[in-house]
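Computed from heavy atoms alone, side chains included, the values below leave out hydrogens, waters and symmetry copies.
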2 protein chains.
Amino acid sequence: MNISAAAQAAGLPVKTVRYYADIGLVAAPARSAAGYRVYDGSAVRKLVFIRRAREFGFGIEDCRDLLGLYKDRDRCSAEVKQIAARRLEQIEAKQRELQSLHSELSHLVEACRGDSRPDCPIIDYLG
Amino acid sequence: MNISAAAQAAGLPVKTVRYYADIGLVAAPARSAAGYRVYDGSAVRKLVFIRRAREFGFGIEDCRDLLGLYKDRDRCSAEVKQIAARRLEQIEAKQRELQSLHSELSHLVEACRGDSRPDCPIIDYLG
DNA sequence: GTAATCCTTCCCGTGACTGGAAGGTCAAGG
DNA sequence: CCTTGACCTTCCAGTCACGGGAAGGATTAC
């Protein structure tokens, strides 16, 4: 399996697959005689795992830890849960921030007539 | 007014104030005989304006446009409203994304016992 | 044989700064 | 007058997680 087949199977761009090996997030793949990277099903499963974790917004370092726990059959689920709970807190913090921004900005947008006249509560608020 | 006084008055780091002049977001300040940047109240007001816009999450280019509209007494409020409405849509899109992530991840975290045993719905879902 | 498609490495760019090094300037105290 | 410390300057590098593209070698299909 060459890199483009592996990337497609994992649902990732080729560049990203190379990048993950460069930073040591996945093991460096074997090479063909011509120097091409050679992937197998196990490597693809790890790439899929990382893609899903990234879709949840886990950072690369969290992915590294999660992948370690994935490969370790003797892990404690507590370790996994701790990482996930931390991410959940990040998400909730961001949600609170966005909620506050949305509330303020939507009031301003509603109060702005949006016509050809210059008076504007949005500008007034910022200035 | 030297840069640190201006930065403090605007509520921004010194580095950021320099950066905004470097990229032409604000006009290059006058210089003292020794080459120090010299700021006045008008420049500080513009920096405060940018800080508030950035706090709403407007990008630098939006800030550039908003600052232009701020300085233009003949602006149409419609132009301001359009920029703000676009930002509001970005916020709402991000909120939907986070809502979806939160829903999925919180279910997984709740379903994970988080003890010393290895079975873990979070890892199962990712793998 | 050759053209198209793959693969490789390498370097630069993203957004909006932030940190730090090397060196010049200024005000206060001894 | 000298020093000390706080300020200022420029420039370079790093952040995060890649993406774009160039230069050049390998493989594959016709």
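A close approach under 4.0 Å does not occur between any side-chain nitrogen or oxygen of S32(B) and OP1 or OP2 of dC8(D). Taking only side-chain nitrogens and oxygens, R37(B) never comes nearer than 4.0 Å to OP1 or OP2 of dC8(D). One finds a side-chain N or O of T16(A) lying less than 4.0 angstrom from the OP1 or OP2 phosphate oxygen of dG19(D). Listed pair Y20(B) / dC17(C) meets the phosphate criterion, a side-chain N or O lying under 4.0 Å from OP1 or OP2.
Going from atom CG of L25(B) over to atom P of dA16(C) covers 10 Å, rounded to whole Å. For the pair R18(B) CZ and dG19(C) P, the computed distance is 13 Å after rounding to whole Å. The NZ atom of K15(B) sits 10 Å away from the P atom of dG20(C) (whole-angstrom rounding). If you take CG of D22(A) and C1' of dC11(C), they are 13 Å apart, rounded to a whole angstrom. Residue R31(A) contributes atom CZ, which lies 10 Å from atom C1' of dC7(C) at whole-angstrom precision. Atom CD1 in I3(A) sits about 20 Å away from atom P in dG25(D), given to the nearest Å. Here dA6(D) presents its C1' atom at 12 Å from CG of N2(B), a figure rounded to the nearest Å. As rounded to whole Å, 18 Å separates atom C1' of dG20(C) from atom OH of Y19(B).
Looking at E55(A) and R52(A), no side-chain N of the basic residue comes within less than 4.0 Å of a carboxylate O on the acidic one, giving no salt bridge. With salt bridges taken as basic N to acidic carboxylate O contacts below 4.0 Å, none links K81(A) and D115(B).
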Mind running side chain to side chain contact (heavy atoms under 4.5 Å, CB included) on R86(B) and D62(B) for me, showing each step along the way?
-> CA-CA 10 Å; R86(B) 206 172 55 209; D62(B) 278 344; 2.6 Å; yes
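Two residues are said to be in side-chain contact when any heavy atoms from C-beta on lie closer than 4.5 Å; I123(B) and F49(A) meet this criterion.
Put simply, the side chain of Y36(A) and the base of dG25(D) share a donor and an acceptor less than 3.5 Å apart.
Across all strands, F58(B) comes closer than 4.0 Å to no nucleic acid atom at all (heavy-atom distances).
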